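From a predicted model like this one, the values you see are computed outputs, not experimental measurements.
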Amino acid sequence: MNASEMNKGRASALIPFIIFLFLFIGSGVVNGDFYKLPILVAVFIAVLVALFMNRKMAFQDKLDHLTKGAGHPNIMLMVIIYLLAGAFSAVAEGVGAVESTVNLSLTFVPENLLIVGLFIIGCFISISMGSSVGTVVALAPIGVGLADQTGMGTALILGSIISGAMFGDNLSIISDTTIAAVKTQAVKMGDKFKVNIFVALPAAIVTAVIFGVMTWNAGGSISGDHPYDLVKVLPYLAVLIFAIAGVNVIYVLIGGIIFAGGVGLFYSSFDVMEFLNLLGDGMAGMQELALLSILLGGLVELIRVNGGIDFLLHAISNRIHSRKGAEAGIAGLVSVFDLSTANNTIAIISVGSLAKQISKRFGVDPRRTASVLDIFGSAFQGILPYGAQLLAVAGVASISPVSIMPYCIYPVLLGIAGIIAIATGYPRFSTEGNNAELSEDQQTATEA
């Protein structure tokens with residue numbers, strides 16, 4: 001179907017989403033804090049606006065569309081995965097896995113490669129924890145102490161930590177961004193990882209080389225003992241290995257929870273009741289994100305039925321004439337939304353449905369679409385001075401987040417690598433193995 005044959009839709013249907021962005025961005029600008037206004041309040045106001053639009057449709061019908069979108073199987077599966085991921089992270093942290101992982105890494109960092117070492121540690125911890133914010137919170141105090149001990153630039157050290165944190169944010173199978181990208185495009189977690197790693201890993205290697213060259217003559221050491229227990233790191237490794245092997249992510253996370261819980265009980269890190277409380281705390285920590293996914297799912301469905309998605313598809317399709325153009329358009333969409341919301345998970349959830357339809361129309365394999373969404377969401381998130389990651393490390397060090405930006409090398413290289421991947425069609429891979437996830441017309445397009 002060409003652009004002229006498409007339903008042009010209605011631009012006015014996008015008003016609720018514009019209101020959502022206006023509230024979120026406006027609050028951030030006025031208060032100097034993009035997290036001042038509760039995100040759920042902004043989305044709920046947008047939902048109410050959408051419900052009272054389109055007077056030709058009965059209010060009950062609009063409610064039906066709202067609940068249909070909010071309760072879509074992909075949304076519900078995403079919510080379940082979020083809750084399980086939160087539970088696993090809380091139990092693993094309760095076991096002492098985070099501390100052991102950090103200390104294990106610090107033990108083997110050469111003194112002349114401290115910055116490179118911190119970057120690699122950040123990569124390992126973030127891909128294990130699935131949280132860039134959790135990674136920077138764990139490492140930022142160590143980075144500040146290292147700056148005091150060695151005289152190295154605080155901004156440089158924190159930039160290396162941010163860079164490592166964004167590596168795992170982009171790749172970890174329990175990262176909320178990865179979960180959102182995979183589930184909005186209905187692809188397998190392992191398949192997205194295999195596509196994404198060919199872009200993320202070269203960017204990480206070049207980043208390590210750059211940090212090494214920048215700090216080759218710098219010396220120093222991290223004082224104090226760094227006790228670790230390798231057994232406590234194993235739950236993270238097990239989850240990563242089985243996810244890459246293609247095991248269903250639900251099984252992976254349930255198995256990880258049981259494994260981490262067993263280790264904790266064996267080491268008496270907690271008793272059975274404390275274990276159950278950790279599960280509850282972990283799930284509670286993901287409740288806002290789960291509710292946000294549900295509300296955004298309902299909002300997108302209301303916008304779709306009012307013609308907003310058709311309008312965007314028509315407007316974008318008029319400017320896209322190839323598969324590469326479609327990928328570039330998707331990259332631009334998620335980048336703009338991340339710049340607007342300062343939250344790459346929200347950005348991916350917001351544009352996921354539209355990205356899926358663009359991919360279907362232009363024959364983009366959904367594995368590539370999921371990868372593009374996550375790559376460009378993470379690339380921009382890692383350099384935003386008003387994003388949670390830079391604000392967190394800047395707060396610990398009491399410096400301006402703007403001063404850290406020049407040293408956030410990995411997010412920049414990830415974005416460049418993503419652009420190269422779109423331009424060259426790299427990586428090229430077999431269309432087999434994920435066809436069960438594709439519709440008939442997508443299979444035809446990807447096989448062409």
Side-chain angles (χ1 to χ4, degrees), residues 123 127 163 166-172 175 177-178 181-182 184-210 244 316-339 344 347-348 351-352 354-383 408-435 437-438 441-448:
C123 291
I127 204 169
S163 294
M166 297 316 298
F167 177 82
D169 193 78
N170 176 227
L171 278 178
S172 175
S175 166
T177 58
T178 298
V182 165
T184 57
Q185 305 310 305
V187 300
K188 297 176 182 177
M189 191 74 73
D191 285 342
K192 182 264 182 187
F193 181 92
K194 292 169 186 175
V195 176
N196 209 161
I197 191 68
F198 285 104
V199 179
L201 187 57
I205 292 171
V206 175
T207 300
V209 171
I210 292 174
I244 296 173
I316 294 171
S317 297
N318 278 337
R319 295 164 175 79
I320 294 175
H321 306 287
S322 66
R323 193 177 304 179
K324 291 181 182 178
E327 291 184 12
I330 292 167
L333 275 173
V334 73
S335 300
V336 169
F337 270 76
D338 186 52
L339 288 169
N344 48 351
I348 292 170
V351 306
L354 180 59
K356 187 175 183 180
Q357 294 189 53
I358 293 172
S359 300
K360 180 178 179 181
R361 180 153 287 148
F362 290 94
V364 179
D365 190 294
R367 291 170 290 188
R368 285 186 65 89
T369 304
S371 181
V372 167
L373 286 170
D374 209 348
I375 285 170
F376 286 91
S378 295
F380 278 91
Q381 186 66 29
I383 58 174
C408 297
I409 296 173
Y410 174 74
V412 175
L413 292 182
L414 178 64
I416 293 172
I419 293 171
I420 294 172
I422 291 173
T424 62
Y426 174 86
R428 293 178 173 85
F429 48 86
S430 170
T431 57
E432 297 179 2
N434 196 57
N435 282 355
E437 306 284 346
L438 308 181
D441 52 349
Q442 285 176 304
Q443 290 185 37
T444 301
T446 54
E447 291 164 1

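- When all heavy atoms of Ile422 and Glu327 are compared, the pair lying nearest together is CG1-OE1, 3.7 Å.
- One distance of note links OG1 of Thr207 with CE of Met166; it measures 12.5 Å at 0.5 Å rounding.
- Closest approach of Ser378 and Pro411 over heavy atoms only: O-CB, 4.4 Å.
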Decide side chain to side chain contact (heavy atoms under 4.5 Å, CB included) for Asp374 and Lys192; before the verdict, give the C-alpha distance in whole Å, the side-chain angles of both, and the deciding distance to 0.1 Å. CA-CA 10 Å; Asp374 209 348; Lys192 182 264 182 187; 2.7 Å; yes

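- Among residues at least two apart or in separate chains, there is no salt bridge (charged side-chain N to carboxylate O under 4.0 Å, His left out) pair with a member in residues 409-427.
- Checked against salt bridge (Lys or Arg N to Asp or Glu O under 4.0 Å), Asp169 has no partners two or more places apart in sequence or in another chain.
- Of the possible donor and acceptor atoms, one in the side chain of Asp338 sits under 3.5 Å from a partner among the backbone N and O of Gln381.
- Remark: the backbone N or O of Pro366 is not paired with any side-chain donor or acceptor of Ser359 at under 3.5 angstrom.
- Ser175 and Gly168 make their closest contact through CB-O, 4.1 Å (heavy atoms, listed as atom of the first residue, atom of the second, distance).
- With Gln185 contributing its side chain and Gly352 its backbone, the two residues share a donor-acceptor pair below 3.5 Å.
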From CA spacing to verdict: side chain to side chain contact (heavy atoms under 4.5 Å, CB included), Ile375, Asn196: CA-CA 8 Å; Ile375 285 170; Asn196 209 161; 3.3 Å; yes

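- Under the rule for a side-chain contact (heavy atoms from CB on, under 4.5 Å), the partners of Ala421 that lie at least two apart in sequence or sit in another chain are Val199.
- Taking both residues in full, the closest heavy atoms of Ala326 and Val364 are given as CB-CG2, 3.8 Å, listed atom of the first, atom of the second, then distance.
- Side-chain atoms of Ile210 and Leu413, non-hydrogen and from C-beta on, do get closer than 4.5 Å to each other.
- Partners of Val209 according to the side-chain contact (heavy atoms from CB on, under 4.5 Å) rule, which considers only residues two or more places apart in sequence or in another chain, are Val213.
- What you find for Ala370 and Val187 is that their closest heavy atoms are CB-CG2, 4.0 Å.
- With sequence neighbours left out, Ser371 forms a side chain to side chain donor-acceptor pair (under 3.5 Å) with no residue at all.
- Among residues two or more places apart in sequence or in another chain, the ring-ring contact (aromatic ring centres under 6.0 Å, His included) test is passed with Phe167 by Tyr410.
- Between the Arg368 side chain and the Pro427 main chain, a donor and an acceptor come within less than 3.5 Å of each other.
- In terms of heavy atoms, Thr178 sits closest to Ser172 at OG1-O, 2.9 Å.
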Stepwise, does the side chain to side chain contact (heavy atoms under 4.5 Å, CB included) test hold for Leu333 with Phe376? CA-CA 9 Å; Leu333 275 173; Phe376 286 91; over 6 Å; no

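- Separating the CD1 atom in Ile419 from the CG atom in Leu414 is a distance of 10.0 Å, to the nearest 0.5 Å.
- Put simply, CD1 on Ile127 and CG on Leu171 are 5.0 Å apart, with the number rounded to the nearest 0.5 Å.
- Within the 4.5 Å cutoff, side-chain heavy atoms of Ile348 are placed close to those of Val334.
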If you apply the rule side chain to side chain contact (heavy atoms under 4.5 Å, CB included), what do you find for Asn170 with Thr177, and how did you get there? CA-CA 7 Å; Asn170 176 227; Thr177 58; over 6 Å; no

